[in-house]
Amino acid sequence: MGFFQSLGVGRIVFSSDTSEEQYREYGKGRITMDSCFPVKALAGHMGELLHKDINLLFVPMIYSLPSFLKGHVVDTLSCTRVMMSVENIKAGFLRERKEFEERGIAFVSPFVPFAEPELLPKYLWESLKEHIPGLTLEETARAVKEGFRALEDFERKMREKSLEIIRWCVKNNRPAILVLARPYHMDPGIGHDIDGEFQQYGFPVLWYNYLPLDDWLLEWLFSKEIRAGIIRSYFDISDVWTSSYSSNTNEIIWGAKFSARLPWITGVIRLSSYECGMDQPTFTPVQKIVESSGTLFFKFGELDETKPAGSVKIRVETIVYYLEKYSQDIIKKKLSRLGAVPSQLLV
């Protein structure tokens, strides 16, 4: 939003949340390979936008993602299957006729290395200059800076909200749940709104993407291991994960470490989509990290387009039973391993 608003684009239209109806009406028959549900869902989003009043459809191929772990891990690559799905699904819309051209819509799918901001303006400018008259590389570079500024502002607000939730848990001696999943699982159609089910039982839900990163909090949680030489910094995951190449995977591993240390996170919910090859190697390490601290771990795997609402509700009820039964003991045990609670958490 910050990028396009800086370029002076007057109206920005988004597709709606993923739904079975959206995929069935706009995306079915557009997929040219067997794939995970998030990739299939992209066809429905692109098809829906073709029916809106737009003249440019922007669907980036995201190669790398910015991460708060940058500098502490090997790389920040995104999922290659999701990245390449844009061209694959585009082919599905051109198989029988030129749908974009017939509707007067330009299709733009630039290669986007978010983790390499010095390269980003060039890739975006080359893809957009034909469609935004007079656009210069310098204007694009300024817009990229505005985009990153808007993204940082959004993330700062989200982390502040997470800290507010944790402080509420401390004040009221209440447990919270942490969700470890891919960012697209926040879409209720892809994540099946499982996090919302737990909120109905009064459990605040945190997402690993937006955990608070305040120095005083991370010092409290990780300083003993730094002094012991086990890790080099708060964000070092080399003690538990040596294959760091994927941005989301690295952050999921770090989120598991955070949850194992913060006393008021008593349960971790892992979500993963059907056929997710990126998630597969992480299942056992993440579960071991979480459970080694006594924190409860539950997994909803192989999520796809079917929505077994009844079975989800039954599983949530079962998990809630264990959370209510064991959370207070988990909080006490985790607190006993740490020093005095920081004053910043007691406000």
Side-chain angles (χ1 to χ4, degrees), residues 66-73 149 151-180 186 195 198-199 201-240 250-269 286 289-297 320 322-347:
S67 172
F68 60 88
L69 297 180
K70 185 78 173 176
H72 300 269
V73 295
R149 192 172 293 122
L151 181 62
E152 289 168 3
D153 187 50
F154 172 78
E155 289 190 347
R156 178 182 55 75
K157 290 177 181 174
M158 294 297 288
R159 295 188 196 286
E160 287 175 354
K161 187 63 181 177
S162 294
L163 182 57
E164 181 184 325
I165 290 170
I166 293 171
R167 282 173 171 151
W168 181 88
C169 290
V170 176
K171 183 178 180 180
N172 296 283
N173 195 32
R174 289 286 299 161
I177 292 170
L178 178 72
V179 176
L180 297 177
M186 291 182 190
D195 55 332
F198 286 100
Q199 287 178 315
Y201 285 92
F203 287 94
V205 174
L206 301 163
W207 283 74
Y208 77 94
N209 322 61
Y210 303 115
L211 288 170
L213 303 179
D214 304 75
D215 282 348
W216 55 266
L217 178 59
L218 301 184
E219 176 74 10
W220 186 50
L221 299 179
F222 293 99
S223 62
K224 287 182 181 176
E225 290 151 283
I226 293 176
R227 286 197 294 273
I230 298 171
I231 54 176
R232 294 162 296 175
S233 73
Y234 308 139
F235 303 107
D236 189 357
I237 59 173
S238 62
D239 56 324
V240 292
N250 294 338
E251 292 183 10
I252 285 172
I253 296 288
W254 189 81
K257 292 183 64 175
F258 186 99
S259 72
R261 287 155 180 78
L262 192 79
W264 298 275
I265 295 177
T266 61
V268 169
I269 307 299
V286 166
I289 292 167
V290 173
E291 291 186 336
S292 65
S293 67
T295 306
L296 299 172
F297 178 85
V320 166
Y322 284 103
L323 287 167
E324 290 177 340
K325 183 173 183 179
Y326 294 110
S327 284
Q328 291 305 318
D329 286 342
I330 293 170
I331 292 172
K332 289 177 185 173
K333 287 178 182 175
K334 291 170 81 171
L335 275 171
S336 68
R337 301 185 197 119
L338 297 165
V341 177
S343 59
Q344 296 93 329
L345 275 183
L346 301 174
V347 296

request  = With sequence neighbours left out, write down each residue that passes side chain to side chain contact (heavy atoms under 4.5 Å, CB included) with Leu335, or none if nothing qualifies.
outcome  = Trp220, Pro263, Trp264, Ile331, Val341

note = Across all chains, not counting sequence neighbours, the side chain to side chain contact (heavy atoms under 4.5 Å, CB included) partners of Asp329 are none

Do [X] and [Y] have side chains that approach each other closer than 4.5 Å (heavy atoms only, starting at C-beta)?
{"X": "Leu345", "Y": "Leu163", "answer": "yes"}
{"X": "Ile269", "Y": "Asp195", "answer": "no"}
{"X": "Leu211", "Y": "Leu178", "answer": "yes"}
{"X": "Glu251", "Y": "Ser67", "answer": "yes"}
{"X": "Pro175", "Y": "Ile330", "answer": "no"}

Minimal non-hydrogen separation, [X] against [Y], with atom names:
{"X": "Ile226", "Y": "Ser233", "result": "CD1-C, 3.8 Å"}
{"X": "Ala176", "Y": "Leu206", "result": "CB-CD1, 4.4 Å"}
{"X": "Val268", "Y": "Ser259", "result": "CG2-OG, 3.5 Å"}

Measure the [atom1]-[atom2] distance between [X] and [Y] for me, rounded to the nearest 0.5 Å.
{"X": "Ile177", "Y": "Thr295", "atom1": "CD1", "atom2": "OG1", "result": "12.0 Å"}
{"X": "Asp236", "Y": "Ile230", "atom1": "CG", "atom2": "CD1", "result": "11.0 Å"}
{"X": "Ile289", "Y": "Arg261", "atom1": "CD1", "atom2": "CZ", "result": "8.5 Å"}
{"X": "Lys257", "Y": "Leu221", "atom1": "NZ", "atom2": "CG", "result": "11.0 Å"}
{"X": "Phe222", "Y": "Ile231", "atom1": "CZ", "atom2": "CD1", "result": "6.0 Å"}
{"X": "Ser238", "Y": "Ile253", "atom1": "OG", "atom2": "CD1", "result": "12.0 Å"}

task = Go through the steps to decide whether Leu217 and Phe258 satisfy the test side-chain contact (heavy atoms from CB on, under 4.5 Å), and finish with yes or no.
result = CA-CA 10 Å; Leu217 178 59; Phe258 186 99; 4.1 Å; yes

request  = Assess whether side chain to side chain donor-acceptor pair (under 3.5 Å) is satisfied between Gln328 and Asn173, documenting all intermediate values.
outcome  = CA-CA 8 Å; Gln328 291 305 318; Asn173 195 32; 2.8 Å; yes

query = Is the side chain of Trp254 donor-acceptor paired with the backbone N or O of Tyr234 at a distance under 3.5 Å, no angle test?
reply =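 Checking the backbone N and O of Tyr234 against the side chain of Trp254, a donor-acceptor pair under 3.5 Å is found.
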
query = Has the side chain of Ser327 got a donor or acceptor atom that lies under 3.5 Å from a matching backbone atom of Glu324?
reply = no

Can you tell whether the side chains of [X] and [Y] come within less than 4.0 Å, N to carboxylate O?
{"X": "Glu160", "Y": "Arg156", "answer": "yes"}
{"X": "Arg167", "Y": "Glu164", "answer": "no"}
{"X": "Arg149", "Y": "Asp153", "answer": "no"}

query = Tell me the ring-ring contact (aromatic ring centres under 6.0 Å, His included) pairs involving residues 153-178, sequence neighbours left out?
reply =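 For residues 153-178, and leaving out neighbouring residues, the ring-ring contact (aromatic ring centres under 6.0 Å, His included) pairs sorted by first residue read Phe154-Tyr210.
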
inquiry  = Can you confirm whether Arg337 is buried at CZ, in the sense that more than 12 heavy atoms of other residues, nucleotides or ligands lie under 6.0 Å from that atom?
reply    = yes

ask   = Can you say whether the rings of Tyr326 and Tyr322 are parallel (under 30°), tilted (30 to 60°) or perpendicular (over 60°)?
value = parallel

